[in-house]
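One structure is given here, and the rest of the page talks about it.
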Protein chains: 2
Amino acid sequence: MKTVTMADVAKEAGVSKSTVSQFLNERYEYMGEETKEKIKRAIEQLGYRPNYVARSLKQKRTYMMGIIVANIMHRVSTEISRAIEDYCHEHDMHAIVCNADDDPHKEKKYIEMLRARQVDGLIIFPTGGNTKLYTEMEQERYPVVFVDRKIEGVHIDTVVVNNREATCEAVSHLLENGHRNIAIVTPPLTTHPRKERLAGYKQALEQHGIALNENYMKSVEISAISYELENMFSLSEKPTALVAANDLSFFEVMSFIKRKQIRIPEELAVIVFDNIPFADISTPTITTIAQPAYEIGKRASELLTRQIKQEAIESELYTFPCELIIRESSAGRP
Amino acid sequence: MKTVTMADVAKEAGVSKSTVSQFLNERYEYMGEETKEKIKRAIEQLGYRPNYVARSLKQKRTYMMGIIVANIMHRVSTEISRAIEDYCHEHDMHAIVCNADDDPHKEKKYIEMLRARQVDGLIIFPTGGNTKLYTEMEQERYPVVFVDRKIEGVHIDTVVVNNREATCEAVSHLLENGHRNIAIVTPPLTTHPRKERLAGYKQALEQHGIALNENYMKSVEISAISYELENMFSLSEKPTALVAANDLSFFEVMSFIKRKQIRIPEELAVIVFDNIPFADISTPTITTIAQPAYEIGKRASELLTRQIKQEAIESELYTFPCELIIRESSAGRP
DNA sequence: TTGTAAGCGTTATCAG
DNA sequence: CTGATAACGCTTACAA
């Protein structure tokens, strides 16, 4: 299977390579009708297929963007990635998705890899562990957009959600239902959103004049959640409501609840921060703080595109609001 | 930001381009220690970053594979894609994922697009609507692996699961629990796996000498499922068990069940064909026919790699077994 | 052990 | 309106 190139097409059609190139790029303003016809025929005849690698080399543009996700296990990451991919496909681009697995070394490797592949820009859910690299890209003015997590001290377009306010709203909802013993489970406080969610929780309690109780606030690895819940539910004063700060924590919580046969929402009201695909159809349905994944992905893509086109002036921070969707799981009263 | 090329590095290090190239490709068998040092320093100094596009053009290999998924909304598709991506990253490759959205035109567009980008091969969840294109690739010996769906008359490596047997096993399980009125809901019978799943259902009933009942067998678009269920559950003899032939149908079924307040498994036993992420933690837990997504993805990747390396002799068909995971939702007895 | 030079398949810049 | 010709940045024989 010899590959057929533009030169072959040119020869077959009896024109020059440049004319064929013009034709392919639809720049036929000054092109004779019959020339067009000849070229079109030659292309069909030979089964010519353009080589975008060659084109990219010349144009210094690959029409690809890279997406580096901190941890693909979070549902919302895949939703945002999908939104970005949709945007790409609508704009004749492609996306390459990489999973950094919460590991800064992997993240670094992928950034380098994707840049070596000459992707036009990068959308990163940053691990936070590569400040130097981030700054380098900022200074080179290489197109980058951060998503989900804000990184201090780096001036790069960033799209996040109002973690604090949304959590505060959710906890207030529980307070208004009469709950006073409200627990929160988060992963370790290694990222900005997690800190903000916890801060939102505290803020709500303070606003209602409720004292914080360390026993109800656990920020631990997923694998340790079940242990902490054991302790929490052995307290003389058990929590009557619980907020899971993300989907993975929620799964742990649910499996604990199931094992202990705790009834939701009668014995425990539950709210999750994150989009849960079955929130609507499970029994009970689950109250969630929903992130607008589609909008986030779209905005990130637009920002990146703007940078690629060199239309960006200054880096900006976009904060999307989350939506508290009240369902059955938070309906309990203490 | 002028891009720094190999030539710059060569000049800085006082050697030739080819020596730098050797160095980068770790072919330093005959390279002087000090030459190495000089080059390494020059690279750091200049912040040189290799350009894989140029390399690809020369080598006629991009170290990328394309994945074209018939419909990304199916959980199992994303699981398999992820497994393929994992394999890629372990083997210094990258994957580009495209969603054909069950549309043969889109599929065609993506196949052409990805080939223009010179991906080394394609893993396709075929829509089935591009036989001509499939055959073309077969004849060109372009590396392709089909996943999930077998296409008749095309000789291409294919990885599928034992749809018929697995469904038969699941239905037999219901029969053994005493059910006689077993319904099945599938999407329209436009693909091989769907036909096979229905066939497995029929086979089980026949083996138990139960007559087929058209009222219990519905193969319709997702949007029409709810309507069909209305009818089905208005029958004088309602089904006591139901099999959802994939995850999307299942969601419809669940939302119907929830609306009608049908109790699972007491009033209706339910089994789903497909991996459902919350099967384990929902109430009740859900009996599933689980596809080995990881193995499927891995095998597909291996087959493709073999083809890319030109080690493949003949196209093969791999059929992986599914696992019936019995949980609470199928525990009911009529 | 290292250098030279010829591509890889396009596009871009000028002439004509 | 079309055609030469020179890049794009790298790899790879082959020479030295």
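So that the names make sense, note that chain A is the first sequence line, chain B the second, and so on, each numbered from 1. Quick caveat: nothing in here was measured; it's all calculated off a predicted structure.
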Phosphate oxygens OP1/OP2 of [N]: is one of them under 4.0 Å from a side-chain N or O of [X]?
X      : N      : value
T35(A) : dC1(D) : no
T3(B)  : dG9(D) : yes
Y52(B) : dC8(D) : no
T19(A) : dG3(D) : yes

Separation of [X] atom [atom1] from [N] atom [atom2], in whole Å?
X      : N       : atom1 : atom2 : result
L57(A) : dA6(D)  : CG    : C1'   : 13 Å
I43(A) : dT10(C) : CD1   : P     : 10 Å
R61(A) : dG9(D)  : CZ    : P     : 16 Å
D8(B)  : dC10(D) : CG    : P     : 9 Å
E33(B) : dT2(C)  : CD    : C1'   : 16 Å
K11(A) : dT10(C) : NZ    : C1'   : 17 Å
K36(B) : dT1(C)  : NZ    : P     : 10 Å
I39(A) : dG3(D)  : CD1   : C1'   : 12 Å

Identify every side-chain donor-acceptor pair in residues 46-54 of chain A under 3.5 Å, counting partners at least two apart or on other chains, and give the distances.
| from | atom 1 | to | atom 2 | distance (Å) |
| --- | --- | --- | --- | --- |
| R49(A) | NH2 | E140(B) | OE2 | 3.4 |
| N51(A) | OD1 | V53(A) | N | 2.8 |
| N51(A) | OD1 | A54(A) | N | 3.1 |

Determine yes or no for a side-chain-to-main-chain donor-acceptor pair under 3.5 angstrom, with [X] supplying the side chain and [Y] the backbone.
X       : Y       : value
D157(A) : E316(A) : yes
T319(B) : V161(B) : no
Q307(B) : V144(B) : yes

Distances under 3.5 Å between protein N/O atoms and the N/O atoms of nucleotides 11-16 of chain D, please, pair by pair.
| from | atom 1 | to | atom 2 | distance (Å) |
| --- | --- | --- | --- | --- |
| dT11(D) | OP2 | S21(B) | OG | 2.9 |

Task: Pairing of E302(A) and R299(A) as salt bridge, 4.0 angstrom limit - done: yes
Open item on the list: Please determine whether a side-chain nitrogen of the Lys or Arg among E44(B) and K40(B) lies less than 4.0 Å from a carboxylate oxygen of the Asp or Glu.
Closed with: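 No, this pair does not count.
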TODO: Could you note down all residue pairs passing ring pair (Phe, Tyr, Trp, His ring centres under 6.0 Å) where residues 113-140 of chain A supplies at least one of them, sequence neighbours left out?
DONE: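 Non-adjacent pairs meeting ring pair (Phe, Tyr, Trp, His ring centres under 6.0 Å): Y134(A)-F146(A).
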TODO: Return one dot-bracket line describing DNA chain C 5' to 3' (Watson-Crick or G-U wobble pairs, both distances under 3.5 Å; ( ) same strand, [ ] crossing, | another strand, . none).
DONE: ||||||||||||||||
Open item on the list: Side chain of T5(A) only, heavy atoms from C-beta on: which candidate in dC8(C), dA4(D), dT10(C) is closest?
Closed with: dT10(C)
Task: Greater than 12 external heavy atoms within 6.0 Å of E311(A)'s CD - done: yes
Task: ring pair (Phe, Tyr, Trp, His ring centres under 6.0 Å) involving H91(B) - partner list, sequence neighbours excluded - done: Y87(B)
Task: Residues forming a ring pair (Phe, Tyr, Trp, His ring centres under 6.0 Å) with H94(B), sequence neighbours excluded - done: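 In terms of ring pair (Phe, Tyr, Trp, His ring centres under 6.0 Å), with neighbours along the sequence ignored, H94(B) is linked to H89(B).
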TODO: Have a look at V53(A) and say if it touches a base, only the backbone sugar-phosphate, or nothing, with a 4.0 Å heavy-atom cut-off.
DONE: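 Answer is nothing: V53(A) stays at 4.0 Å or more from every strand.
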Task: Along DNA chain C (nearest heavy atom to each residue), the more 5'-positioned of E34(B) and K60(B) - done: E34(B)
